[in-house]
2 protein chains.
Amino acid sequence: MAVTIKDVARKAGVSPSTVSRVISNHPRISPETSRRVKEIMKQLGYHSNIMARSLVSNKTFTLGMILPRPAEELFQNHFFAENIRGITTQASRNGYDVLMTAGHSEHGELEAVTRLVKGKRVDGIILLQSRKDDPIIAFLKKEDFPFILIGNYGDNDILCVDNDNVQASYDATMHLISQGHHRIGFVSGPPNLTVSRDRLEGYKKALTDNGIRLETEWVMEGEFLQESGYRAMSFFMNLPDRPTALVVIDDIVTFGILRGLSELGYKVPDDLSLVSFNNIYLAELSSPPLSSIDIGIYQLGYMASQLLTRRIQGEKPQQLRTIVPHRLVVRESSLNIKRNWS
Amino acid sequence: MAVTIKDVARKAGVSPSTVSRVISNHPRISPETSRRVKEIMKQLGYHSNIMARSLVSNKTFTLGMILPRPAEELFQNHFFAENIRGITTQASRNGYDVLMTAGHSEHGELEAVTRLVKGKRVDGIILLQSRKDDPIIAFLKKEDFPFILIGNYGDNDILCVDNDNVQASYDATMHLISQGHHRIGFVSGPPNLTVSRDRLEGYKKALTDNGIRLETEWVMEGEFLQESGYRAMSFFMNLPDRPTALVVIDDIVTFGILRGLSELGYKVPDDLSLVSFNNIYLAELSSPPLSSIDIGIYQLGYMASQLLTRRIQGEKPQQLRTIVPHRLVVRESSLNIKRNWS
DNA sequence: TCGATTTGTGCAAACGTATTTACAAACTCT
DNA sequence: AGAGTTTGTAAATACGTTTGCACAAATCGA
């Protein structure tokens, strides 16, 4: 049988309530009693029962998450791992744990959230991704339950952390311009995603600001897949009048481009310079190493966790949308070779 | 105020205990009552309070995990993500959730586990990695608390899931032999790790079984790092009498080798054939794509979760050590070119 | 038809904690 | 010295469940 607060009380010759107060550092407890009780607690190896505690306090000190649906993509995997690391690290520092559960089906995700919320199993929820008109978000709003979204969302009346993708893309494009390029294309993702739209916007803005005319032909849409890059590459390289550099929506797409280029015998960055987004581990390992915008995935998770716990503790956030800074990591794929050698 | 079992009882005109019995499908409840109560539950949007329930039943339906310490390595990240996916998916299917917490320090990990165990916060614990003489394992054994280890461990009196690394390495080596190689080297990891020793053993066994003499000079130790591969490559390629193929302890190490080879103008697999372990996503993307032993990381997590929940439910495992099957994925890095073209 | 069994439900006691109320003892101040 | 205040502790209650026990009603077997 596990040792309870009563056992400690009995052995210390005090009442259970006194022990409870010692635990919660109640001001009106005598130093002497406190010392003695703590001594006994250590001696008996007492740890308070978390379930009992949260039953009465109505707090679980737990953050809930839904396991994202199987995502075989490299970036997704990396994103997931780093995100969780950020979330859990911060949560633990603040005395919170992270609970993960999986919905059995598409519909099951909402069911899982409902169980967590109504069952009072968690104090708040972190959402890793959201579809348009997400029923989970609707539910959480209706219940007025604390939650935060990592990533972007059409509405801006919910708590979320995100990158400034417009600025990030602006920076990427500016970098290429500063390397002497003025013939720059853009390989985008699915056009319905906010991230695609934002990055496209930043690219356009950078061109405009530098008096470079936008060639609409040089903007290609696709998926977050290698194949997309491959296709984009073959499209661009067959153009009679082609760009000398590309801004690419995601590192994984760039890998498709790289493979295609190497098959055709083109060199990077000599024949084509490349900058992309997310700075996955692989970006550094590829040949040539990729220039990439690091979006701070760990940080995204860390912030989300922090903002959510604050929200749970009743603090009013100054703003709903928090931006995690990005950072351009320059590697060989976008270095102006001539400049290096001259 | 949340709706409780009492509210349902009142509205249904029965006692709380009856409602409770309806929820748990007690046999002695009349179909009529059950129907009516369920109706009311739905109507009121009732969900039972998980904390209260687990307080009395002494079950949490939660599996605990400790967040692994920051692991910047690609493989670690991939391993972590896939593992969690496997664990959580299986757990959810069986009605369990997964709780993650982080120790603040080295010592803090044990503290975190203690809190989970003594605080009765989880029903079992999954360990992702273990050092030799791990105090956490010692603690869990002492408390006789259900847990499972993913990976290998010196002792074999604890529940664990692992790969058959000897056989896996044997298979990798046999594959190279079947491609016509008989001059095969081995790039190992840290010699104190069981995984290194096991894979080395499998390699040796394959050579012996095929009457190939082991060149001790062709076995190199290192780390799970790119640099290790780079060093190994330069060592091997400078040998007057060098191997035509290598078995490599980890894909990440192979990347180091690849980079080195391409710098020196060597071709894979023509000048050197390669097979390694873990089959990370990147293995497929590299040029050339790598042959690799897939160790079934998702499966490892899935099995661990399954065995642990069974153990929790009192089932006696047939054996303590469970082997997850591996699978050789052949790609260009080990294909005998001549054979393909002739 | 009547005792024995089965069936359906309520009552009350737990689970381990936090918290409110109460109260005695020990101070403070004039 | 006595009223008022502060300090330290205990008793009781509540949190939302589950479950053993009790018991009336219904069913059964002869």
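In the text below, chain A, chain B and the rest are named by the order of the sequence lines, each starting its count at 1.
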Interatomic distance where NZ belongs to A:Lys120 and P belongs to D:dT17 [whole Å]: 10 Å
note: B:Asn49, atom CG; D:dT17, atom P; distance rounded to Å ~ 5 Å
With a 4.0 Å cut-off on N to O distance, would you call B:Lys59 and B:Asp123 a salt bridge? no
Grab the NE2-P distance between A:His26 and D:dT9 for me, whole Å please. 11 Å
Interatomic distance, B:Asp7 CG vs D:dC15 C1' [rounded to whole Å]: 13 Å
Base of C:dC11, side chain of B:Ser17 - is there a donor-acceptor contact under 3.5 Å? yes
Do the numbers put A:Arg85 on top of the ring of A:Phe80, so that NZ or CZ is under 6.0 Å from the six-membered ring centre and no more than 45° off the axis? no
Protein-nucleotide distance (A:Ile29, atom CD1; C:dA18, atom P), rounded to Å: 13 Å
Hey, is A:Arg36 close enough to A:Glu39 for a salt bridge, meaning N to O under 4.0 Å? no
Rounded to whole Å, please give me the gap between CE in B:Met41 and P in D:dG16. 17 Å
From CZ of B:Arg28 over to C1' of C:dT7, roughly how many Å is that when rounded to an integer? 6 Å
5'-most contact on DNA chain C (nearest-nucleotide basis), B:Ser15 vs B:Ala52, goes to B:Ser15
Taking for A:Ile50 and for B:Thr33 the nucleotide of DNA chain C with the nearest heavy atom, the one nearer the 5' end belongs to B:Thr33
Measuring to OP1 and OP2 of D:dG8, would you say a side-chain N or O of A:Ser30 lies under 4.0 angstrom away? no
Taking for each residue the nucleotide of DNA chain D with the nearest heavy atom, is it B:Arg21 or B:Ser48 whose nucleotide lies nearer the 5' end? B:Ser48
Nearest of C:dA18, D:dG16, C:dG10 to any side-chain atom of B:Val56? D:dG16
Could you point out which residue of B:Glu82, B:Arg93, B:Gln90 forms a side-chain hydrogen bond (donor to acceptor under 3.5 Å, both in side chains) with B:Tyr302? B:Arg93
Measuring to OP1 and OP2 of D:dT17, would you say a side-chain N or O of B:Ser20 lies under 4.0 angstrom away? no
Under 4.0 Å, counting only non-hydrogen atoms across every strand here, what does A:Gly119 touch: a base, just sugar-phosphate, or nothing? nothing
Please tell me if the side chains of B:Leu63 and B:Ile312 come closer than 4.5 Å, counting only heavy atoms from C-beta onward. yes
Distance check needed: D:dT17 P versus A:Arg53 CZ, whole Å only. 21 Å
